[in-house]
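What follows is a short report on a single structure.
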Amino acid sequence: MNDEKTTRAARLAETIANDFYGTNLDLSLRGIVQSDTWLEMPAKKCVDELRDLGVSSRDVRQFLTFISAMNTMRDAKLLWRVGLEFFHVRPELFEPAKVAAIPIDSLREVLASHGVSRYHRPDSEAWSAIASSLASGEGAVARAVADGVGEAEEVLRDLRSKRHGRNRYPKLRGPKVGPMWVRILANPGGAKINGINVLTVAVDVHVKRVTENLGVTQTGDLTVEKAKPIIHAAWQEAVAEADFGGPPGIEGTCAALDPALWFFGMHGCKFCEEKREKLPISRACDGCKLFAPTT
């Protein structure tokens, strides 16, 4: 982006993040009572409940890891709620060493019966492979989950590693879910992840929608996959110039902007598109191009 466009995007990043983590969003037309929006995010709510019950930090990170791996084409709120219920009734299936000893067919049956998996065979195979990799204790991912420390680049690289020609962390290694999982591990997971600024925003249809509507990029005719590198670069450049806060461990980075962008796309842009009317939720919406007249 040119300097003027980068500066505009930086101010948007500040507004979006500060409104999301503050109390400046107007969600009344959505039927949502304004509260601390970050505390209502599905993974955050689950972690807060687990910690209130005295669940250890390591067990919290294991829970976040397994459920994040199931988050492919899923309703996030439903998945995290079902995952939390599953943890309460079958906590042993979040213990890597115990899971690694369970036959795949048995694991598939129990994950499917509790609504945790959607693509039952590949999901159960991924759950098992992740458990085996974590149980080995080898690599940056296993250390980050067990000990709560790591370097972001090393963890991302280890997510893509293989053993005997097989992916060690299937369903966690992708360009969207990988950075998102590292961010979740840092907060709400509480891991100390150094170099968190290397993480990009996790681009999906909602993030693409809000990025396009606010004029940060012009990727309207591109698929989400083809638009990803453009959107990544745009927000990384903007965040480098921006000044905003966020939860401890991810503040002031794309990792902090990521859930805010998703929320704006999901509850802001999507709602407006469905209502066929521009219904702002923030000052960031002032320059929205949705329904703007074309010449």
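Because the structure is a prediction, the values reported are computed rather than measured.
- In terms of hydrophobic clustering, with Ile, Leu, Val, Met, Phe, Trp and Tyr side chains grouped at heavy-atom distances under 4.5 Å, I230 and W262 are assigned to different clusters.
- Pairs passing the side-chain hydrogen bond (donor to acceptor under 3.5 Å, both in side chains) check and including a residue from residues 118-134, sequence neighbours excluded, read D105-R121, S117-H120, D123-K171.
- With hydrogens and angles ignored, the 3.5 Å screen pairs no side-chain donor or acceptor of Y21 with any backbone N or O of F244.
- D19 and S282 share a donor-acceptor pair across their side chains, judged by distance under 3.5 Å alone.
- Summarising the geometry of G246 relative to E251, their closest heavy-atom pair is O-CB, 3.6 Å, with the distance given to 0.1 Å.
- Each side-chain hydrogen bond (donor to acceptor under 3.5 Å, both in side chains) pair with one or both residues in residues 65-82, not counting sequence neighbours, appears once here: T65-W181.
- When atom types are taken as modelled, the side chain of D26 and the backbone of S28 share a donor-acceptor pair closer than 3.5 angstrom.
- The OG1 atom of T253 sits 12.0 Å away from atom CD1 of I193, with the distance rounded to the nearest 0.5 Å.
- Taking all atoms of both residues into account, the shortest heavy-atom contact from V216 to K5 is O-CE, 3.5 Å.
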- Message: The test is side chain to side chain contact (heavy atoms under 4.5 Å, CB included); show your working for N197 and C254 and say whether it passes.
- Response: CA-CA 7 Å; N197 59 303; C254 281; over 6 Å; no
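- Annotation for D286: atom CG counts as buried by contact number, over 12 foreign heavy atoms lying within 6.0 Å.
- Between V141 and L134, some side-chain heavy-atom pair lies under the 4.5 Å cut-off.
- In the hydrophobic clustering of this structure, V177 groups with L78; members are Ile, Leu, Val, Met, Phe, Trp, Tyr whose side-chain heavy atoms approach within less than 4.5 Å, directly or through other members.
- Here the straight-line distance linking atom CD of E212 with atom SG of C288 works out to 10.5 Å at 0.5 Å rounding.
- Partners of L29 under the side chain to side chain contact (heavy atoms under 4.5 Å, CB included) rule, at least two apart in sequence or in another chain, are L279.
- Atom CG of L261 is separated from atom CZ of R209 by 13.0 Å, given to the nearest 0.5 angstrom.
- Summarising the geometry, atom CD belonging to Q62 is positioned 12.0 Å from atom CD1 belonging to I130; distances are rounded to the nearest 0.5 Å.
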- Under the side chain to side chain contact (heavy atoms under 4.5 Å, CB included) rule, what do K176 and V203 come out as? Steps first, then yes or no, please. CA-CA 6 Å; K176 176 191 171 183; V203 180; over 6 Å; no
Please set out all donor-acceptor pairs under 3.5 angstrom arising from side-chain atoms of residues 84-96, sequence neighbours excluded.
residue : atom : partner : partner atom : Å
H88     : NE2  : E49     : OE2          : 3.2
R90     : NE   : E92     : OE2          : 2.4
R90     : NH2  : E92     : OE2          : 3.0

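- Side-chain contact between D59 and L50 is absent, with no heavy atoms from C-beta onward closer than 4.5 Å.
- The shortest non-hydrogen separation linking A186 to I250 is CB-CG2, 3.9 Å.
- Qualifying salt bridge (charged side-chain N to carboxylate O under 4.0 Å, His left out) partners for K208, counting only residues two or more places apart in sequence or in other chains: none.
- Residues forming a salt bridge (charged side-chain N to carboxylate O under 4.0 Å, His left out) with R163 (at least two apart in sequence, or on another chain): E138.
- Side-chain N/O atoms of T200 and Q236 include no donor and acceptor closer than 3.5 Å.
- A salt bridge links D158 with R168: the distance from a Lys NZ or Arg NE/NH1/NH2 to an Asp or Glu carboxylate oxygen falls below 4.0 Å.
- A donor-acceptor pair is defined here as one N or O able to donate and one able to accept, closer than 3.5 Å; such a pair exists between the side chain of N187 and the backbone of P248.
- F271 and V210 are not part of a single hydrophobic cluster, where members link through side-chain heavy atoms under 4.5 Å apart.
- Cluster annotation: L39 is connected to M266 through the hydrophobic network of ILVMFWY side chains, with a link wherever side-chain heavy atoms come within less than 4.5 Å.
- A heavy-atom distance below 4.5 Å is found between the side chains of I196 and V182.
- No donor-acceptor distance shorter than 3.5 angstrom exists from the side chain of T219 to the backbone of L222, with no hydrogens or angles considered.
- A 6.0 Å sphere centred on CD of E241 holds more than 12 heavy atoms belonging to other residues, nucleotides or ligands.
- Heavy atoms only, all atoms of each residue included: L290 and C272 are closest at CD2-CB, 3.7 Å.
- Using a 4.5 Å heavy-atom threshold, the side chains of V239 and V201 count as separate.
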- Task: Quick one: do C46 and F63 satisfy side chain to side chain contact (heavy atoms under 4.5 Å, CB included)? Show the steps, please.
- Result: CA-CA 9 Å; C46 288; F63 165 78; 3.8 Å; yes
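- Annotation for V207 and A202: closest pair CG2-O, 3.5 Å, computed over non-hydrogen atoms.
- By the 4.5 Å heavy-atom criterion applied to side chains, F264 and L12 are not counted as neighbours.
- H267 places no side-chain N or O within 3.5 Å of a backbone atom of R30 that could act as its donor or acceptor partner.
- For the residue pair L199 and P179, the shortest heavy atom distance occurs at CD1-O, 3.7 Å.
- The cluster map of Ile, Leu, Val, Met, Phe, Trp and Tyr, joined by side-chain heavy atoms under 4.5 Å apart, puts V47 and V149 in different clusters.
- With contacts defined as side-chain heavy-atom distances shorter than 4.5 Å, the pair K289/N213 does not qualify.
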- Message: Assess the residue pair K228 and E225 against the criterion (salt bridge (Lys or Arg N to Asp or Glu O under 4.0 Å)); give the C-alpha distance rounded to whole Å, side-chain angles, the decisive distance to 0.1 Å, and a yes or no.
- Response: CA-CA 5 Å; K228 277 181 182 180; E225 286 301 315; 3.0 Å; yes
- Task: Assess whether side chain to side chain contact (heavy atoms under 4.5 Å, CB included) is satisfied between V110 and S106, documenting all intermediate values.
- Result: CA-CA 6 Å; V110 70; S106 299; over 6 Å; no
- Begin with the C-alpha distance, continue with both residues' side-chain angles, and end with the deciding distance and a verdict on salt bridge (Lys or Arg N to Asp or Glu O under 4.0 Å) for K270 and E273. CA-CA 5 Å; K270 182 182 178 183; E273 289 178 7; over 6 Å; no
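- Rounded to the nearest 0.5 angstrom, E151 CD and R143 CZ are separated by 10.5 Å.
- Proximity of a side-chain donor or acceptor of D204 to a complementary backbone N or O of H206 within less than 3.5 Å is detected.
- Between atom CE of residue M41 and atom CD1 of residue I184 there is a gap of 8.5 Å, rounded to the nearest 0.5 Å.
- With no hydrogens or angles considered, a side-chain donor-acceptor pair links W235 and T211 at under 3.5 Å.
- In this structure, N18 contributes its side chain and E14 its backbone to a donor-acceptor pair below 3.5 Å.
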